[in-house]
Amino acid sequence: MFNLPASMGITDILSLAIAAVLVNNYILVQFLGCCSFFGVSKKTDTAVGMGMAVVFVMALASIVSWVVWYFVLEPLHLEYMQTIAFILVIATLVQFVEMFMKKAMPALYSALGIFLPLITTNCAVLGAAITNIDNGNSFIGSVVYGVAAGIGYMLAIVLFATIRERLDATAKCPKCFEGFPICLISAALLAMSFMGFSGLSIW
């Protein structure tokens, strides 16, 4: 037999959500998933679309991976298959999102380009699924953490996209900082601002 994680209270759920969005933001604090963060943040519209896709995939990946772990891998003593199983789950979900966006939102699908299928290998999504298991989150906790981590990703990429749009429109910087260097500096300053949330908790 195996034991499922204990249920969580409201305070635990709120703390988990705030930690995922602000304190341990996957992009700006843990520096996971930076490929799409830099690649799809030139325009706010595409950043929002990418953020929503990641929220959806991360939430569903957290749910399905939790079920796979506690009802398949752990009972069958196949824990060593965790990474492969979770990547397969994420890849399947990304294919679903890709097909939906291609039919329903072709303009956004074209704008996201190669970065949409790259969600499959986005370490932030895999990191959220593995973190839920490592921390022993309950099913509700896993759902909350997956959604909150995705919202944290979307918050980071949308903020960064607005900064990049503003820089492109108005800012004048030395020649050596034009293009990608000024983006790296802006991302570093944005990450430093999130350090102010370090230690934030709900009592």
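A quick note: this is a predicted structure, and the numbers were derived from the prediction, not measured.
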Going by the ring-ring contact (aromatic ring centres under 6.0 Å, His included) test, which pairs reach into residues 38-65, not counting sequence neighbours? Phe38-Phe160, Phe38-Phe180
If two hydrophobic side chains count as joined below 4.5 Å and joins carry through other members, does Met99 share a cluster with Met52? no
Atom CE of Met195: over 12 foreign heavy atoms under 6.0 Å: no
Taking atom CD1 of Ile157 and atom CZ of Phe37, what is their separation to the nearest 0.5 Å? 7.0 Å
Within a strict 4.5 Å, meaning less than it, do heavy atoms of the Ser186 and Leu167 side chains meet? yes
Do the non-hydrogen side-chain atoms of Met58 and Val125 ever get within less than 4.5 Å of each other? yes
Would you say Ser36's side chain and Gly39's backbone share a donor-acceptor pair under 3.5 angstrom? no
What are the two closest non-hydrogen atoms of Leu22 and Phe194, and how far apart are they? O-CD2, 3.6 Å
Value rounded to 0.5 Å, distance of CG in Leu32 from CD1 in Ile27: 7.5 Å
Indicate the ring-plane relationship of Phe100 and Phe96, choosing parallel, tilted or perpendicular according to the 30° and 60° boundaries. parallel
Please confirm whether the backbone N or O of Ala128 pairs with a side-chain atom of Asn132, one donor and one acceptor, at under 3.5 Å? yes
Does Glu165 use its side chain to pair, donor to acceptor, with the backbone of Thr44 at less than 3.5 Å? yes
Looking only at heavy atoms, which two atoms of Leu28 and Ala187 are closest? And how far apart? CD2-O, 4.4 Å
Answer yes or no: does atom CD1 of Ile10 have more than 12 heavy-atom neighbours from other residues, nucleotides or ligands under 6.0 Å? no
Is there a donor-acceptor contact under 3.5 Å from the side chain of Ser193 to the main chain of Leu190? yes
Non-hydrogen atoms of Arg164 and Cys183 that approach each other most closely: NE-SG, 3.3 Å
Would you mind listing every side chain to side chain donor-acceptor pair (under 3.5 Å) that reaches into residues 20-31, with sequence neighbours excluded? Tyr26-Thr131, Tyr26-Tyr145
Could you list the residues that satisfy side-chain contact (heavy atoms from CB on, under 4.5 Å) with Ser110, not counting sequence neighbours? none
Do you know which two heavy atoms are closest between Ala129 and Ser65, and how far apart they sit? CB-OG, 3.5 Å
Smallest separation among heavy atoms of Val57 and Leu93, with atom names: O-CD1, 3.9 Å
Are any non-hydrogen side-chain atoms of Val23 and Val29 less than 4.5 angstrom apart? no
Can you tell me how far the CG atom of Asn135 sits from the CG atom of Leu16, to the nearest 0.5 Å? 8.0 Å
Closest heavy-atom pair, Ala191 versus Phe31, reported as atoms and distance to 0.1 Å, is CB-CE2, 4.3 Å
Walk me through whether Ile133 and Tyr70 qualify under side chain to side chain contact (heavy atoms under 4.5 Å, CB included). CA-CA 9 Å; Ile133 304 304; Tyr70 285 105; 4.0 Å; yes
From CA spacing to verdict: side chain to side chain contact (heavy atoms under 4.5 Å, CB included), Ile130, Gln82: CA-CA 8 Å; Ile130 292 177; Gln82 181 191 63; 4.0 Å; yes
